[in-house]
Amino acid sequence: MVRQLGQRGKSSLQDVRPPKDWASKLLRDAGAEVLFLPTTGRTRELAAAVAVDLETGVVPDLVGFEVKDGKVVGTRPIYAGKVMEKVVVGAKPQIFLIRSRVFLKPEAQAGKTGTVKKVDAAVGEVKTEVLGYKAAEAGVSLTDAAVIVSGGRGVSNNPKLAPPADITDEHQKEIWKAQQGFALIRELATVLKAAVGASRAAVDAGYVPYANQVGQTGKVVSPDVYIACGVSGAIQHLAGMRTSKTIVAINKDPEAPIFKVSRFGVVGDLFEVVPALTKELKTKMGR
Amino acid sequence: MNIVVCVKQTPDTAATVTVEGGKVSWGDAPLVINPWDEFAAEQALRTKEAYGGKVIALSVGPDAAREAVKHALAMGCDEAVLVSDPGLLAADSLVVSKALAAAIEKIGGIDLAFFGRQAVDSDTGVTPVQVARRLGWPALTLVAAVTALDPAGKTISVDRALDEGRQQVKSPLPAVVSVTKEICEPRYPSFMGIRKASKATIPVWSAADIGMASIPPAALSWLEVFAPPKIETKVEMITGDSAEAVAAKLAARLLEEKVL
Ligand SMILES: Cc1cc2nc3c(=O)[nH]c(=O)nc-3n(C[C@H](O)[C@H](O)[C@H](O)COP(=O)(O)OP(=O)(O)OC[C@H]3O[C@@H](n4cnc5c(N)ncnc54)[C@H](O)[C@@H]3O)c2cc1C
C-alpha cells in the first residue's frame with residue numbers, strides 16, 4: 001500500500017487528480033491499521049486530508065518508534081528539536097510520516113515480492129488545475145544528502161574581491177561577491193558529491209534561493225557531514241542541522257557559536273580555507 | 001475579497017525550550033505570533049489592499065493567548081476572533097481544524113483563508129489542509145507566490161514550492177492558501193497599529209458558539225515529552241601556518257576518522 005501511494009504521489013506531480021479520495025477509501029476498505037509514508041510537502045498534505053476523512057491522527061517527522069500493546073508509539077521532535085515527544089494515534093489507521101535519513105534503507109532482496117493489489121482509483125471531483133510544473137534544479141537534494149556544504153553571510157565577505165565597475169549598487173556588489181563565494185562552496189560540494197545549504201541571512205540577502213535554506217524556517221537536515229562556512233550558528237540555524245553526525249565549521253570568528261556543536265573547527269578566512277580544502281580533498285579522494 | 005488569516009501563538013524561536021516536571025517549558029521567553037503566520041497575515045493584507053474587502057485574524061487557543069491575534073491586528077487586520085474553550089485545550093490538529101472550519105463558516109462569506117505553512121511549536125503542518133478538507137475547499141499549500149487573482153471570476157493562481165519543483169495551480173475561490181516565506185516580507189506593526197490593537201476588543205467564541213457543543217476527542221495522545229539525547233561534541237581546532245597547511249590537516253583528519 002505504501003508503495004502504491006508513493007508511486008502515485010510521484011506520478012501525479014504533473015496531473016491534477018488528487019489521490020486523497022481514493023487513498024481514504026483504499027485505507028478504509030483495507031481496514032489498514034498503520035500507514036507509513038515519508039515526510040514531504042506532498043505526503044503531509046495527503047495524510048492531513050486522509051486523517052480528516054477517517055477521523056484519525058497524523059504524526060509527521062517520525063524519528064523512532066516502538067510497538068506497545070498493539071499500538072505504534074512514535075517519537076518525533078517538537079520545538080525545532082529542542083524537545084522530543086512520544087505520541088500514540090488512538091484511531092485507525094495510525095498515520096506516521098518518517099523523516100528522511102533517519103532509518104537505514106533496507107537492502108533490496110532479490111526474489112522477494114509483495115502482492116500488488118489493483119484497485120479502481122476513481123477520481124473524485126477535481127477543482128484545481130495544474131497549469132505548469134518545473135522540476136527543481138538537478139543536484140543533490142538537501143534532505144537526502146549524506147554530505148552538505150553550507151554558506152552563510154560570511155560568503156559575501158571578501159574585501160579583496162573587486163566587483164566589476166558596471167555594478168554600482170551596493171547591494172548588487174554584495175550579491176556579486178556572494179556569488180563568487182558560493183562558487184567556492186559549490187566546488188567543494190561537487191568534489192564531495194554534496195548538496196549546497198545556506199543560512200537564512202544568505203537567503204534573505206538574495207545570495208541563494210530559499211530552497212537552499214537550512215534551519216527552523218528552512219529545511220531540517222541530518223547528513224553524515226555538515227560543513228558550515230561563514231555561518232555563525234544561530235539557534236534557528238542549529239535547529240535545522242544539529243543532528244548531523246559530524247559538523248565541520250570554518251569561521252573567522254573564534255567565538256562563533258557554531259564551534260560549540262562542531263567536531264572539527266577552523267578559525268580562518270573561508271576564501272582561503274575552502275578552496276585549499278577543495279584542492280586537498282580532490283587529490284586525496286581521487287576525484 | 002473577504003479574507004481570514006489563521007494565526008497561532010507560539011514561544012519565540014530564540015527561546016530555550018526545556019522539559020520541566022514532564023512538561024514543556026520556555027521559561028519567561030515571550031509568546032509571539034507563529035513566524036510563518038506573519039507571512040500569511042502580510043499576504044492577506046496585500047490582497048485586501050489590492051482588491052478591497054477586509055481581513056479577519058482568527059485563532060484557536062487559550063484565552064490568555066491573545067498576543068498572536070493582537071500582532072495581526074497591529075499589522076493592519078480589520079477584525080479578530082479568538083476561539084477559546086476549556087474543552088479545546090487538549091486539541092490536536094484534527095480537532096483544531098474542525099474548530100477553525102466551524103469559525104470560518106460562522107464568519108461566513110469568506111473567499112480566502114491564509115495560513116502559515118506550519119507552527120514552530122508542534123511543527124506538524126497539517127492544519128491548513130485539514131481545514132480545507134472540512135470546508136470542502138481546495139487546499140493550495142506551500143504557496144511561494146500568488147500569480148493571479150480574479151475576484152469577479154472567483155479564481156486564484158499560485159506557484160507552489162514543492163520539494164521536487166515548482167507547480168503552477170489555478171483554483172476556484174473560496175480556497176485555503178498556506179504560504180512559505182518566499183511569498184512576501186512581513187511588515188512591522190506601525191505605532192498606530194499597535195495602539196489600535198491594544199484597545200481592540202477581541203470577541204471570544206466558545207465551542208458552543210461555533211456549533212461544536214460536543215468536542216470530539218483528539219486522535220493523538222501524548223505519552224511523554226523529554227529532552228533530546230545530549231549530543232556531546234568536543235571541537236578539535238585545526239591550526240596551521242597557512243590555509244594550505246590547515247586544509248591538508250583537516251582533510252587528513254576527515255579521512256582518518258572516516259568522516260568522508
Ligand atoms: C523566526 C526566525 C526564524 C529563523 N529561521 C532561520 C533558519 O531557518 N535558518 C537560519 O540559518 N537562520 C534562521 N534565522 C536567522 C538566525 O537568527 C540568524 O540571523 C542567521 O542564521 C544568521 O546567518 P549567518 O550565520 O549566515 O549570518 P551571521 O550571523 O551574520 O554570521 C556570519 C558569520 O560569518 C563569519 N564570517 C564573515 N566573514 C567570513 C570569512 N571571510 N571567512 C569565514 N567566516 C566569515 C562571521 O564570523 C559570522 O560568524 C531565523 C530567525 C528568526 C527570528
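Here is how names work: the chains are called A, B, and so on, in the same order as the sequence lines, proteins then strands, and each is numbered from 1.
- Residue-environment remark: CD (Glu66(A)) exceeds the threshold of 12 foreign heavy atoms within 6.0 Å.
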For the pair Thr124(B) and Val58(A), evaluate side-chain contact (heavy atoms from CB on, under 4.5 Å) and give the outcome as yes or no after the intermediate values. CA-CA 8 Å; Thr124(B) 48; Val58(A) 185; over 6 Å; no
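- For Lys127(A), the NZ atom sits in a packed shell: over 12 heavy atoms of surrounding residues, nucleotides or ligands are nearer than 6.0 Å.
- Residue Ser171(B) comes nearest to Thr128(A) through the heavy atom pair CB-CG2, 3.6 Å, listed as atom of the first residue, atom of the second, then distance.
- Listed here is the closest heavy atom pair of Met84(A) and Pro228(B): CG-CA, 3.7 Å.
- Of the residues considered (Ala91(A), Gly57(A), Ala49(A)), Ala49(A) shows the highest number of contacts with chain B, using heavy-atom pairs under 4.5 Å.
- Under a 3.5 Å cut-off, the side chain of Lys82(A) and the backbone N or O of Ala15(B) do form a donor-acceptor pair.
- In this structure, the portion of Thr18(B) lying under 4.5 Å from any heavy atom of chain A is its backbone and not its side chain.
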Full working for salt bridge (Lys or Arg N to Asp or Glu O under 4.0 Å) between Arg134(B) and Glu55(A): CA-CA 11 Å; Arg134(B) 293 196 185 279; Glu55(A) 295 289 330; 3.5 Å; yes
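- In this structure, chain A has no heavy atom under 4.5 Å from any part of Pro217(B).
- Between chain A and the options Arg160(B), Glu182(B), Gln130(B), Glu232(B), heavy-atom pairs under 4.5 Å are most frequent for Gln130(B).
- With a threshold of 4.5 angstrom between heavy atoms, Glu272(A) approaches chain B through its backbone and through its side chain.
- In this structure, the portion of Lys234(B) lying under 4.5 Å from any heavy atom of chain A is its backbone and not its side chain.
- Most heavy-atom pairs under 4.5 Å with chain B, from the set Val83(A), Ile247(A), Thr246(A): that is Val83(A).
- With respect to Thr141(B), the side-chain contact (heavy atoms from CB on, under 4.5 Å) criterion is satisfied by exactly one of Arg44(A), Glu45(A), Arg42(A): Glu45(A).
- In this structure, a donor-acceptor pair under 3.5 Å is absent between the side chains of Lys134(A) and Gln168(B).
- Within the 4.5 angstrom heavy-atom criterion, atoms from both the backbone and the side chain of Val267(A) approach chain B.
- Residue pairs meeting the side-chain hydrogen bond (donor to acceptor under 3.5 Å, both in side chains) criterion with at least one partner in residues 247-260 of chain B, sequence neighbours excluded, are Arg263(A)-Glu257(B), Glu236(B)-Arg253(B), Arg253(B)-Glu256(B), Arg253(B)-Glu257(B).
- Residues passing the side-chain hydrogen bond (donor to acceptor under 3.5 Å, both in side chains) test with Ser222(A) are Thr243(A), sequence neighbours excluded.
- Although no hydrogens or angles enter the test, the distance criterion places no donor-acceptor pair under 3.5 Å between the side chain of Glu280(A) and the main chain of Ala251(B).
- Within the 4.5 Å cutoff, the side chain of Val169(B) has no heavy atoms near those of the Leu131(A) side chain.
- For Asp204(A), the part lying under 4.5 angstrom from a heavy atom of chain B is the side chain only.
- Put simply, the side chain of Thr13(B) does not reach to within 4.5 Å of the side chain of Tyr79(A), judged on heavy atoms.
- Of the listed residues (Thr75(A), Asp53(A), Val203(A)), the one with the most heavy-atom contacts under 4.5 Å to chain B is Asp53(A).
- Contacts with chain A were tallied for Ala175(B), Ala219(B), Ala132(B); Ala219(B) has the most, counting heavy-atom pairs under 4.5 Å.
- Taking CG from Asp224(A) and CG from Leu260(B), the interatomic distance works out to 9.5 Å, rounded to the nearest 0.5 Å.
- Taking chain A as the reference chain and counting heavy-atom pairs below 4.5 Å, the highest number among Ser93(B), Pro138(B), Ser221(B) is found for Ser221(B).
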Go through the steps to decide whether Thr56(A) and Leu94(B) satisfy the test side-chain contact (heavy atoms from CB on, under 4.5 Å), and finish with yes or no. CA-CA 7 Å; Thr56(A) 186; Leu94(B) 192 68; 5.9 Å; no
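- Within the model, atoms OG1 of Thr233(B) and CZ of Arg242(A) stand 9.0 Å from one another, a figure rounded to the nearest 0.5 Å.
- With a threshold of 4.5 angstrom between heavy atoms, Val89(A) approaches chain B through its backbone and through its side chain.
- Leu277(A) CG to Ile238(B) CD1: the interatomic distance, rounded to the nearest 0.5 Å, is 10.5 Å.
- Across all non-hydrogen atoms, the minimal contact from Tyr133(A) to Gly165(B) is OH-N, 3.9 Å.
- Judged by distance alone, the side chain of Lys279(A) and the main-chain N or O of Glu244(B) form no donor-acceptor pair under 3.5 Å.
- Annotation for Val266(A) and Met237(B): closest pair N-CE, 4.4 Å, computed over non-hydrogen atoms.
- A salt bridge does not link Asp163(B) with Lys219(A): every distance from a Lys NZ or Arg NE/NH1/NH2 to an Asp or Glu carboxylate oxygen is 4.0 Å or more.
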Side chains of residues 110-122 of chain B: which donor-acceptor pairs under 3.5 Å do they make with residues two or more places apart or in other chains?
unit_1    : atom_1 : unit_2    : atom_2 : d
Asp111(B) : OD1    : Lys154(B) : NZ     : 2.7
Asp111(B) : OD2    : Asn2(B)   : N      : 2.7
Gln118(B) : NE2    : Asp123(B) : OD1    : 3.2
Asp121(B) : OD1    : Lys8(B)   : NZ     : 3.1
Asp121(B) : OD2    : Lys8(B)   : NZ     : 3.2

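- The two residues Lys181(B) and Thr217(A) come nearest to each other via the heavy atoms CD-O, 4.0 Å.
- Inspection of non-hydrogen atoms places Val24(B), Trp26(B) of residues 22-34 of chain B under 4.5 Å from chain A.
- In terms of non-hydrogen atom pairs under 4.5 Å with chain A, the most contact-rich of Pro172(B), Ala161(B), Ala144(B), Ala227(B) is Pro172(B).
- The shortest heavy-atom contact between Trp36(B) and Gln216(A) is CZ2-O, 4.3 Å.
- The contact between Val73(A) and chain B is made entirely by side chain atoms (from C-beta outward), counting heavy-atom distances below 4.5 Å.
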Go through it in stages, so that I can follow the logic: the residues are Leu250(B) and Val248(A), the test is side-chain contact (heavy atoms from CB on, under 4.5 Å), and I'd like the CA-CA distance, side-chain angles, deciding distance and then a yes or no. CA-CA 9 Å; Leu250(B) 177 58; Val248(A) 180; 4.1 Å; yes
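- Shown here is Lys282(A), whose NZ atom has no more than 12 heavy atoms of other residues, nucleotides or ligands within 6.0 Å.
- Taking Leu223(B), Thr127(B), Val246(B) one by one and counting their heavy-atom pairs under 4.5 Å with chain A, the maximum is reached by Leu223(B).
- With a threshold of 4.5 angstrom between heavy atoms, Arg76(A) approaches chain B through side-chain atoms but not through N, CA, C or O.
- Ranked by heavy-atom pairs under 4.5 Å with chain A, the first of Thr239(B), Val126(B), Asp92(B) is Val126(B).
- In this structure, CG in Leu255(B) is found 6.0 Å from CE in Met285(A), a value given to the nearest 0.5 Å.
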